[in-house]
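To keep things clear, I will list the structure first and then write my remarks on it.
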Amino acid sequence: MPKLSIQQLELIANEIREDIIRMLEHAGSGHSAGPLDLADIFTALYFDVMKHDPKNPQWEDRDILLLSNGHCVPVRYATMAKAGYFEKRELMTLRQFGSRLQGHPERLRLPGLESTSGPLGCGLSQACGIALAHRMDGISHRWVYVVMGDGETDEGNVWEAAMFAANNHLNRITAIVDRNNIQIDGPTEQVMPLENYKAKWEAFGWHVIEIDGNNIEEVIDACAMAKAIIEKPVLLLAHTIAGKGVDFMEYDFHWHGVPPNDEQAKMALKELRTLGGKIRSEHE
Amino acid sequence: MNKLIVDITNPDIAEEPIRKGFGRGLKRAGELDPNVVAACADLTESTQMHLFKEEFPDRFIEIGIAEQNLVTVGSGLAAAGKIPFVSSYAAFSPGRNWEQIRTTICLNDQPVKIIGSHAGVSVGPDGATHQMLEDLTLMRVLPNMVVIAPCDSLEAEKATLAMAKDDRPNYMRLAREATPIITTDTTPFLIGEAEIFEVGSDVSIIATGTMTYHALLAANKLYHDGIEAEVVHVATLKPLDSQTILKSIKKTGAVVTVEEGQIIGGLGSAISELTAENLPVPLRRIGMKDRFGESGQPIELLKHFGLDAEHIRLAAHEVVDKKLN
């Protein structure tokens, strides 16, 4: 597949955001802020960075993507549908009885999910296990990506895994933390301060690259750079704007765990249409 | 009928900690399948994983004192095609990391083999914090999980080899102290099958783990009391061999369950559930009665908490009397 231009990728991310709004409004429950701000990272991963095959989710040479903060799964579903893993209309079954698109991702229900997640703090450890198994098997061409929330890293399990990855020089893991500065109870720095966040990860033996997580080009470049850093596992500290793309949701922690209602969804989609138009005209 | 086990009245009966059998079994499983790997949380020799580590250093993973990471790394290893055995003391794994086991192993359906050593009050001097009594309960409630409690080191060895070939999540409980070796090389072991170790017609003594030996001792005493006890060894608590168990209970009409763990949620509960729904009969549960252990010597603790052969004998008399009156 030929590389897509940044403009094309930005348009895909915008479309994914529209789908997220539609899915959440239709489902009537779910998380808005995280999925919206992760749309650029997921677009970069699925449409540029990762080796994967939507028609063969179990392809043995594929890269692995673990979504540790499972509540953000609407962005993964929307991205997978756009990439061709399944028909887009299935997105509207999110959180409904009998759906493959469970409220939190379940590996056994939908091919391509790699793992079941929701309870926080477990993805990095699983990435470690997979990367270690690959090393034992002499597999060096497969990369393991894991996306975590910043609030999620309140969990002790994350730091157990961080120590473990550094100790074992698991350089074929690229961890991405969505630093959107919010969690359910409020801003992260009020609920349980994470700063000095970069220094914490570095103290645990990680190479940290700070990026604008809403800038697709930066995400792609950082993922490429991560592959060149062989002495340590790499963390992309991806600064994002919670609820990115929908003005009335941006920066507001109240949108962490609620969906838009019908009226709000209409407003959000209108904004995103305008944004799409801007992306088109900017690159002309 | 030929007995499946040795003569337990032999004063020179060989003894060995159950965990030693696990250590040998794991090394053997590693020889048989290159995908078998092992991870431990800073208790490599205690859990007997050192035998595997010495033989296969590249397939052994030191986790450090981090039991949440232990099982979630295990989940990742399994996701990439490995057969991971992960060990610690049962009080810490599955004691501390239950939710990780639930989500990343059971719901995620990854065939991780969780080994919980040093279970039961017979851990002894370490005291209540380390005497894990709730592991069987915690693991039994999880969908997809297989729960195994072998009675001696030989059975633990066989169970380990069977687990390496089983494609489900497994939990196996081990104990610290030397335990009489009651089975032989030819005693059958199959995951999901209970075995009749002593045939009788008056009462079914249904036991698991190290307590099966004490159940056999009790059956011997009962024989001298004029009661023929059938001893059913349940090495696999889940899936439970309902057929064998109900067949025995149908014959005897009275039950005593015996386990070195909480009577809430463990073997006693499992058998109570089975009989209540299928074949209600007089039943007594021998186990820890909703309390914690304490420091002491294993033998004195078993006696103090009512887990020895004498208490099993008295419970058997009770249910037999109840059945007859």
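Chain naming here is simple, since letters A, B, ... match the order of the sequence lines and numbering starts at 1 in each. In this text the structure is predicted, and so the values were computed from the model without any measurement.
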Roughly how far, to the nearest 0.5 Å, is [atom2] of [Y] from [atom1] of [X]?
{"X": "B:E99", "Y": "A:L120", "atom1": "CD", "atom2": "CG", "answer": "9.0 Å"}
{"X": "B:S75", "Y": "A:I130", "atom1": "OG", "atom2": "CD1", "answer": "7.5 Å"}
{"X": "B:I63", "Y": "A:N168", "atom1": "CD1", "atom2": "CG", "answer": "8.0 Å"}
{"X": "B:D58", "Y": "A:M136", "atom1": "CG", "atom2": "CE", "answer": "8.0 Å"}
{"X": "A:W159", "Y": "B:Q68", "atom1": "CH2", "atom2": "CD", "answer": "14.5 Å"}
{"X": "B:N69", "Y": "A:C128", "atom1": "CG", "atom2": "SG", "answer": "6.5 Å"}

**Message:** Heavy-atom pairs under 4.5 Å with chain A: which of B:I61, B:L70, B:N35 has the most?
**Reply:**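 Sorted descending by pairs with chain A, the first entry is B:I61.
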For atom [atom1] of [X], is the number of surrounding heavy atoms from other residues, nucleotides or ligands below 6.0 Å larger than 12?
{"X": "B:I264", "atom1": "CD1", "value": "no"}
{"X": "A:E231", "atom1": "CD", "value": "yes"}
{"X": "A:E195", "atom1": "CD", "value": "yes"}
{"X": "B:K158", "atom1": "NZ", "value": "yes"}
{"X": "B:E45", "atom1": "CD", "value": "no"}
{"X": "A:R62", "atom1": "CZ", "value": "yes"}
{"X": "B:K238", "atom1": "NZ", "value": "yes"}
{"X": "A:M92", "atom1": "CE", "value": "yes"}

**Message:** What verdict does the side chain to side chain contact (heavy atoms under 4.5 Å, CB included) test give for B:V73 and A:E160, after you've listed the backbone C-alpha separation in whole Å, the side-chain angles of each residue and the deciding distance to 0.1 Å?
**Reply:** CA-CA 10 Å; B:V73 166; A:E160 293 182 3; over 6 Å; no
**Asked** Do the side chain of B:N108 and the main chain of A:T116 share a donor and acceptor less than 3.5 angstrom apart?
**Response**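 Confirmed, B:N108 side chain pairs with A:T116 backbone.
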**Asked** Is it true that a side-chain atom of A:R107 and a backbone atom of B:D109 form a donor plus acceptor pair closer than 3.5 Å?
**Response**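 Yes, the answer is positive, given that a donor and an acceptor are paired below the 3.5 Å cut-off.
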**Item:** Minimal non-hydrogen separation, A:P119 against B:T103, with atom names
**Value:**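 It is CG-OG1, 3.4 Å.
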**Item:** Heavy-atom pair of closest approach, residues B:L77 and A:G129
**Value:**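 Closest heavy-atom pair between B:L77 and A:G129: CD2-O, 3.3 Å.
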**Proximity breakdown for B:V37 and chain A, heavy-atom pairs closer than 4.5 Å** = side chain
**Choice from A:L124, A:I64, A:D137, A:V144 maximising heavy atom contacts with chain B below 4.5 Å** =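 Between A:L124, A:I64, A:D137, A:V144, the count favours A:D137.
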**Request:** Could you walk me through whether B:T104 and A:Q126 pass side chain to side chain contact (heavy atoms under 4.5 Å, CB included), step by step?
**Result:** CA-CA 8 Å; B:T104 74; A:Q126 291 171 77; 3.4 Å; yes
**Request:** Given side chain to side chain contact (heavy atoms under 4.5 Å, CB included), test A:N157 with B:T72 step by step and report yes or no.
**Result:** CA-CA 9 Å; A:N157 199 158; B:T72 41; 3.7 Å; yes
